[in-house]
Amino acid sequence: MKQNLRLAACLLPAAALLLAVLFARQLCPYDPNAQAFAALAAPSAAHPAGTDILGRDLLSRILVGLRTSVLATLALVAAAALAGTAAGVAAALLGGAADAVLMRVCELCLAFPGLVLALGLAALLGGGLPCAVLALGAVSWPKYARLARSRTLALLPTDAIAAARLAGDSACQLVVRHILPDVAGQVLVTAALDTGAMMMELAGLSFLGLGAMPPTAELGSMMSGGRSLLQTCPWVVLGPGAAIFAAVAAFNLLGEALRDALDPFVCQGEEHEA
Amino acid sequence: MARYTLRRLLQLAPVLLLITLLSFGMMRLAGSDAVLQRMENTGVVVPQQVLDAARAELGLDKPFLTQYLTWLANLLHGDMGTSYISGRAVLPTFLSKLPATLALAGAALLLTVAVSVPLGVLAAVRRGRAADLVLRAAGFLGNSMPNFFTALLLLYVFAVRLGWFPVLARRPGPAGLVLPAATLAIAMSARYLRQVRAAVLEELGRDYVAGARARGVPFSATLVKSVLRCCLGSLVTLLALSAGSLLGGTAVVESVFLWDGVGKLAVDAIEMRDYPMIQAYVMWMAILYVVVNLLADLACHWLDPRIRLGGGAP
Amino acid sequence: MKHKFFRPLLAAACLALLAACAAAPQAGSAFVLGDPTFSAEHEQTGIDPAQGYSGWACLRYGVGETLFRYTDAMEPEPWLAAGYERTSDTTWVITLREGITFSSGRALDGRAVRQSLERLVAANARARADLDIAAITAAGQTVTITTATPRPALLNALSDPYACIVDTQAGAAEGLAVGTGPYVAVGLTSGEQLDLVKNETYWNGTPGYDSVTVLTIADTDTLALALQAGEIDAAYGLPYASYPLFQNEGYNISTAATSRTFFAELNFESPLLQDPAVRRAIALGIDKERFVQQQLGGHGYAAAGAFPQGMAFGGDAVQAAAYDPDAARALLEQAGWVDTDGDGVREKDGQKLVLRWLTYPSRPELPLLAQAAQATLGEIGFAVQINSTADHNRLRADPTAWDVYASAMVTAPTGDPAYFFAAHCLDDSPANNGHYHSDELQALAAELDVTFDPARRAELAVAMQQILLDDSAFVFCSHLQMSLVSRADVAGLTAHPSDYYEITAALRPAA
């Protein structure tokens, strides 16, 4: 019973976030792009989060911005985590030259400045949010690859794997039954922890015009775009900041719940990160 | 072990070759060049012949491959070229920014460990209690605050309101180091705290802790002598990797605190299309990551010899 | 009993305090200016006027002075020069003021000026192109400049910061320069700091501070915080958003309209913009006043033409379309652009009225302008797609990639109008991105090139801007407000329309 309560407490924020993302448009009190109000008005009954410098309702922009940011971040983190896990597990199992090559590619991508990659990709693909997601994904998957590889390497010498091998499990079965459940838990928690940072990374590229295009609302850019207003009109920064905090908390709680569900035998597993 | 290390370091060469070629290519793809970027910043259009002369002077009128090979040939002679923007030699400029980056990275890591280890242990020991919940919430907060926000907030409170620190910490010194290091440490501590908490919890669940308790060993002694020692492994791995990204520079923090490190240098160079400077940065990053990853692998092997070193030859 | 011991102690302490107070001024009055642009990224590696745009720093920070300086109307008036005489279309005889010395002690004479200018044109391609000097001769206090072609704007060019007269024989350290200004440069860390001390032998008044430090603070939020904390005495280029912090008795704000202008170029290669009605509708459909009042918080000036009010040919001298959405709608309607499918966007012959607006984010006002225009043009029936990207320098060269290109460029860096047209509007202009062409404009530009009379030049400049506006080739939106914010205990820090003369002999501690 207590377990279920805990799980519900973990899933509730994520469910609320999901609803907010799905029905962002319907929840908006105003058109998020309508420049229909006084610029930089403080929060009031009509505009609970105030208005921005173009006279747009901030609550509406935070809601649609949350949608943009959450979807983009999910795509980014999911792609990086999947690609990284696949590469890491493969490197660990194959060993030898394949391992060395994969790991050198990892280092290459890890060391490559995301900004340079984003600039190049923007020229090739025409910029926009998908391009920013691709560029950041390309430099962030190695983290997961290293994590998955080290977990897999740590698992290989254990008794469970030896027993499974003796029982005649194929490599595929080995991966699906024994390695992935363990690795996925770690990857999920790391991915959840990454969401906040990734939202800001996306904003960093938007700042150079390589991410979401105006007037698209996106939380990170709303925050960094308002930085000069921090002292004079703090609501412009704090509103989107609170939304990022809520999203990060929801993602992290969800990550923990998922890990517990995936790996029921470890009630409090260690959390490794690369 | 020595042979393995040597082989890993030899593998650095192709990584360097590839990464420099890639970044060279990407920057060309990105369009614009140093001459146009300078024009954008000054807001003054110069006559075409002046533009052409400036490009010819920098060799930007040559084909891509010629430019790369020229750069490579010069590199092999120990010449990394001169900056397109400042006109100064790249290598000394780059090296002059390293001490600041090293100091900031070191301070930030120290501060992170000093904050997150005790708090992580506290959260683990008081698991599920108020202290744990507060710390976890604080962790989410630290995780969702962008660097510029933390930085400006700290400056406002501690420099402008309280006057404890100067806003302009230009002279390298301990007083100027505190706020930038704290900015970085706040974000990192949020992650480390969770790692430490989880690692300590796992150890606390082991039989030897219960055994020690049964034998009447004080809990604090078990905690410090056994539990923390066992958690050291995951902490070291984590620290090595954080060091990697910190040593790559932290442009936003460096910019806000006027901390003259490689991060801002790199971002400025990329924005200004200062190709030789970008190449130096990319090489530094590649060397850094190869070395840091090697150290991490060696440390993992040392802490847990069952883990095989890459290439199957421990 | 106790008091007996304390009184002498108290007296001693008071004396010590008094002595400390009296000693403070002896340590020298110091002034610290924060500037986000004094760096290599802004082509100012130091203050040597021959290098890139370092002359800006040389002139701004009161080290160098030019033969002529800009008045508030941006017209050249004698400064180091006492007067001049143009003896032919290509020959200028300039007489120098008597009794001026460089801070090195050397007297300013014709020979020194010749050496300084010769060094300049040898090193600086931009100056070489502007001045077009064939020969310079010096005799006593006169300098005779012969240009290769007629240069009506020679005096404007001689007022440009690159033409700061420096002592070429003083052996200035790398990046530094020895000039005639109120302050003497004694130390430089490129991109970080410039140290100046008072020029004890300054010819035109007594400098107000014993020492001046210019700090490069690239982050403008840090700049604002440093001014709040009192670590700097004044700041240049603060973000508009921080002005409310300084609009009180603790600070002075001095502002001026500069010729850095936010303007949109229309692409004449774009099929859509071949239609004059569409171009005109764009010009009618941008609410410049609202942009200046709301997005710039009133810290800017709505533009009519290319040049700001205050210049003879600037501001209201030209007739620009005022914001008039109804007129724009009627115009489009008349031209056959009608919204038939009810989606809010007009069509004609199956083509939607979609406008691709290219701009860049390094000037934060530009994306705001794009979004403001998107909203007002949207009400008229345009669908504006914004592409605000650091990649704009590549894209603007591709005429198929955009319809409108909005940028922020200086339109009259030397106060002379010819520059803007030569840079942006003529057939051979390096930045005529929209491939605009007008026979009439070409003819007037040719006339401007050989017209010396300032009044006639102004007339021509007005007529040429009017052609651009009548063709709706450019939409000039606003002029940048340049500002200097100083603490109340500083006097004489005044913003100038040229964006140059910042640190002058007038700068001093407030009485």
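Just so it is clear: chains get the letters A, B, ... in the order the sequence lines come, proteins before strands, and each one is counted from 1. Computed over heavy atoms, backbone and side chain alike; hydrogens, waters and symmetry mates excluded.
In plain terms, the two heavy atoms of C:A431 and C:H424 that are nearest each other are O-ND1, 3.4 Å. Smallest separation of non-hydrogen atoms from C:A328 and C:A281: CB-O, 3.9 Å. Closest heavy-atom contact between C:C477 and C:I286: SG-CG2, 4.3 Å. For A:T73 against A:M199, the heavy-atom pair with the smallest separation is OG1-CG, 3.2 Å.
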(Q) Apply side chain to side chain donor-acceptor pair (under 3.5 Å) to residues A:S60 and A:D57 and explain how you reach the verdict. (A) CA-CA 6 Å; A:S60 307; A:D57 178 59; 2.6 Å; yes
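With salt bridges taken as basic N to acidic carboxylate O contacts below 4.0 Å, one links C:D341 and C:K352.
Inspection of non-hydrogen atoms places C:I386, C:N387, C:S388, C:T389, C:A390, C:D391 of residues 384-391 of chain C under 4.5 Å from chain A.
Taking chain A as the reference chain and counting heavy-atom pairs below 4.5 Å, the highest number among C:Q293, C:Q294, C:Q295, C:R290 is found for C:Q295. Counting heavy-atom pairs under 4.5 Å between each of C:A375, C:A370, C:P361 and chain A puts C:P361 at the top.
Residue contact with chain A, scored on non-hydrogen atoms closer than 4.5 Å, is absent for C:L395. With a 4.5 angstrom heavy-atom cutoff, C:Q228 touches chain A only via side-chain atoms. Neither the backbone nor the side chain of C:P364 comes within contact range of chain A; no heavy atoms are under 4.5 Å apart.
When each of A:T190, A:D194, A:T85 is tested with A:Y144 by the rule side chain to side chain donor-acceptor pair (under 3.5 Å), just one qualifies, namely A:D194.
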